[in-house]
Peer 1: 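Pasting a structure here, questions to come.
So you know, we letter chains A, B, ... as the sequences are listed, proteins then strands, and number each from 1.
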Protein chains: 2
Amino acid sequence: MGIEKLRTEIRREQIVQAALNLIASHGMRKLSIAGVARRVGLVPSAIYRHFKNKDEVLDAALEFIRNRLLDNVKEVFEETIDPLERLRRLLMRHAKLIRENQAIPLVIFSEEVYHGSPERKARVRGIMQGYLDRVSDIVRQGQQEGRIRSEIDPKTISLMFIGLFQPAAIFWHMSDGEFDVTKHTEKAWKVFSKAIQAN
Amino acid sequence: MGIEKLRTEIRREQIVQAALNLIASHGMRKLSIAGVARRVGLVPSAIYRHFKNKDEVLDAALEFIRNRLLDNVKEVFEETIDPLERLRRLLMRHAKLIRENQAIPLVIFSEEVYHGSPERKARVRGIMQGYLDRVSDIVRQGQQEGRIRSEIDPKTISLMFIGLFQPAAIFWHMSDGEFDVTKHTEKAWKVFSKAIQAN
DNA sequence: TTTATAAGTGAAGGTAGATTCACAAAAAGG
DNA sequence: CCTTTTTGTGAATCTACCTTCACTTATAAA
């Protein structure tokens, strides 16, 4: 039927994207091999030509997510050297990324991770830790340059930084898109940046 | 076998608590009628003497959660009239509540809610909205009394307030309890309260 | 004490979904 | 053009649950 035979690298990408789309629209619980296969235009058993099992599809999705997060950090580092501006841009980029890839939080905070295999949990912890560490780096740099109050623990700041966006994202979901996350994030940034700025 | 026959009101409470325990230790995905029944000391089919189906068990759990959240608000209102102190106490109470009932965030942010029936989603939105509204009330009171900067939108403040704790809770989970949420929450409160205080 | 009702049991039916396997057919390499 | 490898297919299996039902039996009411 589907006639076309494509190379496994291409199929793997298609499968991961299909999985992320499926997750974004119906959640992790509806992530099924059959559903993914349908979206790719294959029969369920065909998925097993490209992935050993469902878990490996999820791992590939995590890899994709990790790269997108790190891309943002990298780009922000290239755009400016001002620490506060780096933070602001990272926050807005993050908001944009999540808006466009709603599957990301659903995967990262899913129970497959929370209560799944210790290896995967460790992996996601690594992704989060890595991201937070980059934020802490920016904060420390800002403290050394005297732009950010140095009496505040960089780790506290980086967690609060994530908190600027996260509850808003949840609220956005719950209100079916009624709530304007971007606007909230901007306002929250104003309050937050004033709070951490030195002098 | 189980010999004892208890009244349905008692069983319902036992079942809800068993469900919450099960969720706290193994997540929503492992919440099964069989698992709950085992913890209560019943056979799976017995659960249906007390609840119409699994969904109703979950609804009862939501009711329990809603009451605990509102209890905290109520108690904080009775403890003090100072708005900033009310916020601080609510935050610390919230942290304690979640520490002792880890199932709460798992239920509230579960996909059964996120992508489940619109009715349940609306119900949870109501719970969150109600909680945030109480926080906003406190903020507005503080602004009228000149204790909180009035140029900041109360809604922004209340969402940021939730954000003080939420990412820390996730990080706590991910690090298997290594991370000290209470300490972080206290530090974050200091930064935050300074940021919103008037003068 | 008798009896009606509420609670508890075990077997059975039903569904959804992951995974395997033997077979078919396209593509790549020679 | 022929052969090998890679992809794709459909049927079949296996598992994990939810839920129903015909029965017991404890408990409370009369």
Side-chain angles (χ1 to χ4, degrees), chain A residues 1-23 25-62 106-107 110-113 115-117 120, chain B residues 1-19 21-23 25-61 106-107 110-113 115-117 120:
Chain A
M1 283 283 155
I3 311 178
E4 273 200 308
K5 284 195 182 181
L6 297 178
R7 282 190 286 124
T8 201
E9 302 97 66
I10 295 177
R11 284 299 191 209
R12 285 177 63 97
E13 282 180 19
Q14 291 182 332
I15 291 167
V16 169
Q17 286 310 311
L20 289 170
N21 287 338
L22 195 50
I23 292 165
S25 47
H26 298 101
M28 288 286 284
R29 309 192 68 236
K30 295 279 180 169
L31 174 63
S32 68
I33 292 294
V36 169
R38 202 172 327 114
R39 289 191 176 221
V40 177
L42 290 175
V43 108
S45 59
I47 303 298
Y48 293 85
R49 290 280 172 233
H50 311 291
F51 289 96
K52 197 175 154 236
N53 52 35
K54 192 179 167 183
D55 267 16
E56 289 207 344
V57 176
L58 214 54
D59 285 337
L62 276 177
L106 294 177
V107 175
S110 71
E111 296 202 338
E112 272 74 13
V113 169
H115 292 97
S117 81
R120 180 177 294 144
Chain B
M1 285 274 155
I3 313 177
E4 272 201 308
K5 285 193 181 181
L6 297 179
R7 281 189 286 126
T8 200
E9 304 95 68
I10 295 177
R11 284 298 191 208
R12 284 177 63 97
E13 281 179 20
Q14 291 182 332
I15 290 168
V16 169
Q17 287 309 311
N21 287 339
L22 194 50
I23 291 167
S25 47
H26 298 100
M28 288 285 283
R29 309 190 69 236
K30 296 276 181 169
L31 174 63
S32 68
I33 292 293
V36 169
R38 201 172 326 113
R39 290 193 174 217
V40 177
L42 290 175
V43 108
S45 59
I47 302 298
Y48 293 85
R49 290 278 172 236
H50 311 291
F51 288 97
K52 199 176 153 229
N53 53 34
K54 193 179 167 183
D55 266 17
E56 288 208 344
V57 176
L58 213 55
D59 284 337
L106 294 177
V107 175
S110 70
E111 296 202 337
E112 271 76 14
V113 168
H115 292 96
S117 82
R120 182 177 294 145

Peer 1: Tell me whether the side-chain N/O atoms of B:H50 come closer than 4.0 Å to OP1 or OP2 in C:dG8.
Peer 2: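 Answer is yes, contact under 4.0 Å.
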
Peer 1: Rounded off to whole Å, could you give me the CZ-to-C1' distance for the B:R12 and C:dA6 pair?
Peer 2: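 So the two atoms are 15 Å apart, to the nearest Å.
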
Peer 1: Roughly how far, to the nearest 0.5 Å, is the OG1 atom of A:T8 from the CD atom of A:Q14?
Peer 2: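 It comes to 10.5 Å.
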
Peer 1: Sub-3.5 Å donor-acceptor pair from the side chain of B:E56 to the main-chain atoms of B:F51, do we have one?
Peer 2: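 No, the answer is negative, given that no donor and acceptor are paired below the 3.5 Å cut-off.
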
Peer 1: Atom CD of A:Q14 and atom C1' of D:dT7: how far apart are they, to the nearest Å?
Peer 2: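 After rounding, the gap between these two atoms is 13 Å.
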
Peer 1: Please report the distance, rounded to the nearest Å, between CG in B:L6 and P in D:dT27.
Peer 2: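 Roughly 9 Å, once rounded to whole Å.
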
Peer 1: So, is A:K54 near the phosphate of C:dA18, with a side-chain N or O under 4.0 Å from OP1 or OP2?
Peer 2: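 For A:K54, the contact criterion (side-chain N or O under 4.0 Å from OP1 or OP2 of C:dA18) is met.
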
Peer 1: Identify whether any heavy atom of B:I10 sits under 4.0 Å from a base atom; if not, whether one sits that close to sugar-phosphate; answer base, sugar-phosphate or nothing.
Peer 2: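 B:I10: no heavy atom of the nucleic acid under 4.0 Å.
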
Peer 1: If only side-chain N and O atoms of B:R11 are considered, is one of them under 4.0 Å from the OP1 or OP2 phosphate oxygen of C:dG8?
Peer 2: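 The answer is yes; a side-chain N or O of B:R11 sits under 4.0 Å from OP1 or OP2.
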
Peer 1: Which comes earlier along DNA chain D counting from the 5' end, the contact point of B:R7 or that of B:S32, where each point is its nearest nucleotide?
Peer 2: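 The 5'-side residue here is B:S32.
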
Peer 1: Looking at the side chain of A:K5, which of C:dA18, C:dA26, D:dC18 is the nearest nucleotide?
Peer 2: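 The closest nucleotide is C:dA26.
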
Peer 1: Would you find a donor on one side and an acceptor on the other, under 3.5 Å apart, between the side chain of B:R12 and the backbone of B:A60?
Peer 2: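 Between the backbone of B:A60 and the side chain of B:R12 there is no qualifying donor-acceptor contact (under 3.5 Å).
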
Peer 1: Between B:K30 and B:G35 (side chain of the first, backbone of the second, donor and acceptor by atom type, cut-off under 3.5 Å), is there such a pair?
Peer 2: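 Side chain of B:K30 to backbone of B:G35: no pair is present.
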
Peer 1: Looking across every strand, which nucleic acid part, if any, lies under 4.0 Å from B:A46 by heavy atom: base, sugar-phosphate, or nothing?
Peer 2: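 Counting heavy atoms under 4.0 Å across all strands, the contact made by B:A46 includes a base.
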
Peer 1: How would you label the contact of A:I47 with the nucleic acid (heavy atoms, under 4.0 Å): base, sugar-phosphate, or nothing?
Peer 2: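 A:I47: no heavy atom of the nucleic acid under 4.0 Å.
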
Peer 1: Heavy atoms only, 4.0 Å cut-off, all strands: where does A:S45 land among base, sugar-phosphate and nothing?
Peer 2: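 If one applies the 4.0 Å heavy-atom cut-off, A:S45 turns out to touch a base.
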
Peer 1: For the pair made of CZ in A:F51 and C1' in C:dT20, what is the distance, rounded to whole Å?
Peer 2: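 Atom CZ in A:F51 sits about 19 Å away from atom C1' in C:dT20.
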
Peer 1: For B:L42 and for A:N53, find the nucleotide of DNA chain C with the closest heavy atom, then tell me which residue's nucleotide is more 5'.
Peer 2: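 Comparing both residues, the 5'-ward one is B:L42.
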
Peer 1: Could you state the CD-C1' distance from B:E112 to D:dC18, rounded to the nearest angstrom?
Peer 2: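 Taking atom C1' of D:dC18 as the reference, CD of B:E112 is at 14 Å.
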
Peer 1: When you measure from the side chain of A:R120 to the backbone of A:D55, do you find a donor-acceptor pair of N or O atoms at a distance under 3.5 Å?
Peer 2: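 Flag set: sc A:R120 to bb A:D55 pair under 3.5 Å.
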
Peer 1: Name the closest nucleotide to the B:R49 side chain, picking from D:dT7, D:dT19, D:dA22.
Peer 2: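 Selected nucleotide: D:dA22.
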
Peer 1: To the nearest Å, how far apart are B:R38 CZ and C:dG10 P?
Peer 2: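 Those two atoms, CZ and P, are 14 Å apart.
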
Peer 1: Whole Å only: how far is the OH atom of A:Y48 from the P atom of D:dA11?
Peer 2: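 A:Y48 atom OH is separated from D:dA11 atom P by 18 Å.
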
Peer 1: Within this structure, what is the CD-to-P distance between A:E4 and C:dA26, rounded to whole angstrom?
Peer 2: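 So the two atoms are 12 Å apart, to the nearest Å.
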
